Amino acid sequence: MQGSVQSSSASVIRSSLIEPDGGVLVDLVVPESEREAKSVEAESLPKVWLTKIDVEWLHVISEGWASPLKGFMREDEYLQSLHFNSLRLKDGSFVNMSLPIVLAIDDETKERIASSSDVGLVWPDGELIAILRSIQIYKHNKEERIARTWGTTASGLPYAEEVITPAGNWLIGGDLEVLKPIKYNDGLDHYRLSPKQLRQEFDRRKADAVFAFQLRNPVHNGHALLMNDTRRRLLEMGFKNPILLLHPLGGFTKADDVPLDVRMEQHSKVLEDGVLDPETTIVAIFPSPMHYAGPTEVQWHAKARINAGANFYIVGRDPAGMGHPTEKRDLYDPDHGKKVLSMAPGLEKLNILPFRLWYQVAAYDTVAKKMAFFDPSRAKEFLFISGTKMRTYARTGENPPDGFMCPGGWKVLVKYYESLQAEELTQQPAAVPS
C-alpha cells in the first residue's frame, strides 16, 4: 500500500523486480547490429537540431526512465500529462506522468519537415543521434504549459525562462530510435547507470529493498542521518539488505546551484569518509533536467525511480521547490510535496517515506556538536543550517560547525567557491589610470 511499509517479511517485494510502469522497461537504443543501417537512413532524413537540454530529455526517454513513453510526446500524451499528470494505457490503466516531455521546433523547421513522416535528430555538435518516427507537429502554447506546470506565470522561473520561453512555437512528437547510448564524455559517464543497469546492480547486491534519495545539493550530515536512519528502520521492519540509491539529478539546474561535477566529487568524499556505507550505497546520476516545479515535479522524480527498480522513495520538506521568483516566500507549501506523493495516481506501488512523518527534523545540535534529530524541549540548543547558509559559509571561507559535513566533502565545496571568486576577479575590468 502506498505511503505505508509492510512489516511482515512475507510481503516483501524484491526491490529490483518492482514492475516498471507499463510492465516493460523501455529501451530505445538501436541494437549494435542495426546501427550502421539506421545511421545511413538518418543521414537521408530532414534534420531537427537539438539543444543540450533536448538531449538530456532524449537520454531520459531512451533508457526507460519515463516508461512506457517511447518518444517525445504527441499531442494526446502532452495534454494528458499537462492536465491529468498521468497517461492512460491501452488496457485502461493509468501511469503517472506529471511533466510533459516534449520537443519544440521553430517556424522554419516546421515548414522544412512538415511533409516528412520521419526526421533525424542532431546533437548540438552536429552528430546524428536519433530518428523520430511517425511525427506529429502541434501548437506549443507556452503560457498554458508554464501555468499548468508551475501554477504561476511569474517571471524568474529558471526552466521556463531558459527552455520554454525562447523555444519554438511548435512541438513535435513521435517514436524514438536512438542510434547509440548517450554519452557526455565529461568524466562522469560511469555514474550514469540506466534503469536496466541499476536493476542488475540491485540484483547483484541481493537487495530486498531499495530506498531512493533524490538531491541536487551537496550531502551534509543531516542528509546522512536521515538516510542511515531509514536503513535502520527498514532493517527493524524485517528487510535483510536495504540498499540506498543516492541519486543526484544530473540534467539542467539553475545557475546558482552547485555544478554536477563538484557535487559528484563531494558525494564521493562522503562515502570515502564513512558517512555513508559504500557497501550499502549506490551513487548514480539521474539524467533528468530540473524544473523546480514542486509537487508537480516530485511525482516525476518518484515515478522515474520506480522504473529504476526502487520500491521506497524518501521525500523531505519542499521537494523540487524554490523560493517565489518575485516575492519573499516559498513558491509552494513545503508540506504539499509529500502529501501529493501519498495520493498521486499511478504511484500506488511505491512506498513513500516522508521525513516529517517518519522522522523528526534533522538539525545541528550545538551541545552534542553533530547533526541530530530536533528535540523541541531543547529548541534553543539546535541550529538550522539551510542550503543557502551552507553555500554562504563555503563562499566566504567560513567553516560550518564541526559535525555539519564531513571534512573531505567540505573541502570540495570551499575549493569550488574559491575558484569562482578567482574567476570573477579575472573577469573584472582593469582600472583605468587617471
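Predicted model, so just to flag it, every value in this text is computed and none were measured.
- Aromatic pair Phe94/Phe84: ring centres not closer than 6.0 Å.
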task = Evaluate the criterion ring pair (Phe, Tyr, Trp, His ring centres under 6.0 Å) for residue pair Tyr191 and Tyr184; output intermediate values, then yes/no.
result = CA-CA 11 Å; Tyr191 283 114; Tyr184 298 85; over 10 Å; no
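- Using the six-membered ring where Trp is involved, Trp57 and Trp300 have ring planes that are tilted, between 30° and 60° apart.
- In this structure, the separation between CZ on Arg317 and CG on Asp333 is 9.0 Å, given to the nearest 0.5 Å.
- Note that NE2 of His190 is 7.0 Å distant from CE of Met264, once rounded to the nearest 0.5 Å.
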request  = Check step by step if salt bridge (charged side-chain N to carboxylate O under 4.0 Å, His left out) holds for Glu144 and Arg148.
outcome  = CA-CA 6 Å; Glu144 179 189 31; Arg148 295 289 304 186; over 6 Å; no
Only distances under 3.5 Å count here; give the side-chain donor-acceptor pairs of residues 172-182 to other protein atoms, sequence neighbours excluded, each with its distance to 0.1 Å.
unit_1, atom_1, unit_2, atom_2, d
Asp175, OD1, Arg74, NH1, 3.3
Asp175, OD2, Arg74, NH2, 3.3
Glu177, OE1, Lys38, NZ, 3.1
Glu177, OE1, Arg133, NH2, 3.2
Glu177, OE2, Arg133, NE, 3.3
Lys180, NZ, Glu127, OE2, 2.8

query = Given Phe213 and His247, is the ring pair (Phe, Tyr, Trp, His ring centres under 6.0 Å) satisfied, shown in steps?
reply = CA-CA 6 Å; Phe213 187 78; His247 215 198; over 10 Å; no
Steps toward side chain to side chain contact (heavy atoms under 4.5 Å, CB included) verdict (Asp106, Asn169) = CA-CA 6 Å; Asp106 60 20; Asn169 295 320; over 6 Å; no
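- Rounded to the nearest 0.5 angstrom, Leu50 CG and Ile105 CD1 are separated by 11.5 Å.
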task = Please lay out, stage by stage, how Asp189 and Lys183 fare under the test salt bridge (charged side-chain N to carboxylate O under 4.0 Å, His left out).
result = CA-CA 6 Å; Asp189 282 330; Lys183 301 295 180 185; 5.7 Å; no
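- Figure legend: cation-pi geometry between Arg305 and Phe286, with NZ or CZ positioned under 6.0 Å from the six-membered ring centre and within 45° of its axis.
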ask   = Can you list the steps and then say if Arg233 with Asp229 is a salt bridge (charged side-chain N to carboxylate O under 4.0 Å, His left out)?
value = CA-CA 6 Å; Arg233 289 173 179 263; Asp229 201 61; 2.9 Å; yes
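- Scanning for ring-ring contact (aromatic ring centres under 6.0 Å, His included) contacts around Trp150 gives His291, with sequence neighbours left out.
- Atoms CD and CG, on Glu265 and Leu413 in that order, are 9.5 Å from each other to the nearest 0.5 Å.
- With salt bridges taken as basic N to acidic carboxylate O contacts below 4.0 Å, one links Asp186 and Arg192.
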task = Show your reasoning for whether salt bridge (charged side-chain N to carboxylate O under 4.0 Å, His left out) applies to Lys303 and Asp21.
result = CA-CA 8 Å; Lys303 173 232 171 59; Asp21 282 348; 2.8 Å; yes
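- With Tyr393 as the aromatic partner, Lys389 meets the cation-pi criteria of under 6.0 angstrom to the ring centre and within 45 degrees of the ring axis.
- A donor-acceptor pair under 3.5 Å is formed between the side chain of Glu297 and the backbone N or O of Tyr292.
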